[in-house]
Amino acid sequence: MATHSKALPDKRGRFGTYGGRYVPETIVSALDELTEAFAAIGRDRAFKAELAAHLKSFVGRPTPLYFAERLSQRVGGPEIWFKREDLNHTGAHKINNTVGQILLAQRMGKKRIIAETGAGQHGLATATVCARFGLDCVIYMGAEDIERQRPNVEKIRLLGAEVRPVRSGSQTLKDATSEAMRDWVTNVRSTFYIIGSAVGPHPYPLIVREFQRVIGRETLHETRRDWPALPAAIVACVGGGSNAIGIFYDFLKETEVELIGVEAGGHGVSSGAHAATLAKGKPGVLHGSLSYLVYDRDGQVMLPHSISAGLDYPGVGPEHSYLKDSGRVEYSHVTDREAYRSLELTCRFEGIIPALETAHAIAWVQKNRTRYQAADRIIVCLSGRGDKDMPIILTQRDGTKTS
Ligand SMILES: *Cc1c(COP(=O)(O)O)cnc(C)c1O
């Protein structure tokens, strides 16, 4: 099994053959400028101290590592522990990255922020930091998603950002991302584009990974300090892959720790209604980089499906494609129904309402419990809380199907 080289991505932004930059000529210099600015803050102690202070007082870090004791007993396998990213300000891990990127934007002298959002969580995290730091903010969102995610849209507006509906294509995340890219091409001098997951052209997958690494760094520190041994496994859900790469990265070199990424199996990976990119896809180019992608029967990029809006994306970050091929991370998938059942169980046995995205990771542990001993400890990245999912949760409880 290949271990991960510290040097990845390489100078061209490649993780093996994946990643890179497949972009219009007009933004190449902006990506170069961003690469340089990001390298500079890596050497800048004042920046690191400022980021750490905001993560502590504004975001609420460090987040606890929590033993889900009653859930573990009920599942009847290994000890299940949660890394509580749901306790962050705005309710998920996304804010780790938006705080980092807005500080970078400030350093670069940018006055205007744009972002894409699907479920609205990244839009909310971006509007939040724009309010906090006083920058203009435009959020691109598919018209269909605006209808499905009303509460987040209202929150984004309340925070002073503009929501721009995107009516092209399927009117969802993929189209919102394309539209945000178009805006960036036009306004590249004044504008900083905050990408919400470990996707996009180089250096975005690197930047997002580095800002989300705080999850794994804290986890490794805490387990080394307080546990008799490192965890048997770490499990995280994978949409674009930012919470997963964030918690995995510092454990890549700890080869006795299994790393498991869980994708959205939707109605089942043979149904054509899923978002299991790594399980069912093949390499292709989307949103500026080369990575696994799922296609429909006509060879078009598939309109994916998941019960959780945050996993409903036909691509995946290029580093995950690399880690799949290298074998260091195992990628799997669970269905909508399995995820929903785990969500209910976590509510009843822990008093925690997890996000539907997160419930995929919990469901994987449930399904694979016999792989582990009772004394083994498994850490689930509890990427976010489920309050935002109440409308969908209610349709499940009523027994009606989600489409
Ligand atoms: C957005 C989101 C995800 C999926 O995004 P990744 O980039 O794959 O982490 C997972 N969980 C929650 C709670 C989210 O909001």
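Every number for a ligand or one of its atoms is a count from 1 in the order of the listing.
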A.B. asks: Checking a contact table here: which protein heavy atom is nearest atom 6 (P) of ligand 1, and how many Å away?
C.D. replies: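 Its nearest protein heavy-atom neighbour is Ser242 N, 3.3 Å.
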
A.B. asks: Under a 3.5 Å distance rule, please check whether Asp226 uses its side chain to pair with a backbone N or O of Thr223 as donor and acceptor.
C.D. replies: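 Such a contact is absent between Asp226 side chain and Thr223 backbone.
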
A.B. asks: Who pairs with Glu147 by side-chain hydrogen bond (donor to acceptor under 3.5 Å, both in side chains), at least two apart in sequence or on another chain?
C.D. replies: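 With sequence neighbours excluded, Glu147 shows a side-chain hydrogen bond (donor to acceptor under 3.5 Å, both in side chains) to Arg150, given in chain and number order.
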
A.B. asks: Evaluating non-hydrogen atoms only, which member of Thr117, Asn97, Asn243, Val316 is closest to atom 9 (O) of ligand 1?
C.D. replies: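 Ranked by closest heavy atom to atom 9 (O) of ligand 1, first place is Asn243.
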
A.B. asks: Would you say ligand 1 has an N or O under 3.5 Å from any N or O of Ala244?
C.D. replies: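 In this structure, Ala244 places no N or O atom under 3.5 Å from an N or O of ligand 1.
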
A.B. asks: Given that the side chain starts at C-beta and the backbone is N, CA, C, O, which of these parts of His93 lies under 4.0 Å from ligand 1, counting heavy atoms, or is it both or neither?
C.D. replies: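 Side chain only.
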
A.B. asks: Can Ser291 and Ser289 be counted as having a side-chain donor-acceptor contact under 3.5 angstrom?
C.D. replies: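 Note: Ser291 and Ser289 side chains miss the donor-acceptor criterion.
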
A.B. asks: Starting from atom 11 (N) of ligand 1, what is the nearest protein heavy atom, named by residue and atom, and what distance separates them?
C.D. replies: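 Sorting protein heavy atoms by distance from atom 11 (N) of ligand 1 puts Ser383 OG, 2.8 Å first.
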
A.B. asks: Which residue holds the protein heavy atom closest to atom 14 (C) of ligand 1, what is that atom called, and what is the gap in Å?
C.D. replies: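 Nearest neighbour among protein heavy atoms for atom 14 (C) of ligand 1, to 0.1 Å: Lys94 NZ, 2.9 Å.
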
A.B. asks: For atom 4 (C) of ligand 1, what's the nearest protein heavy-atom neighbour? Residue, atom name and distance, please.
C.D. replies: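 Answer, as residue, atom name and distance: Gly310 O, 3.4 Å.
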
A.B. asks: Tell me which one of Ile393, Leu343, Leu356, Thr335 satisfies side chain to side chain contact (heavy atoms under 4.5 Å, CB included) with Ile307.
C.D. replies: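 For Ile307, the side chain to side chain contact (heavy atoms under 4.5 Å, CB included) check succeeds only for Leu356.
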
A.B. asks: Mind jotting down which residue pairs meet the ring pair (Phe, Tyr, Trp, His ring centres under 6.0 Å) criterion with at least one end in residues 117-158? Sequence neighbours excluded, please.
C.D. replies: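 Every ring pair (Phe, Tyr, Trp, His ring centres under 6.0 Å) pair that includes a residue of residues 117-158, provided the two are not neighbours, is His54-Phe133.
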
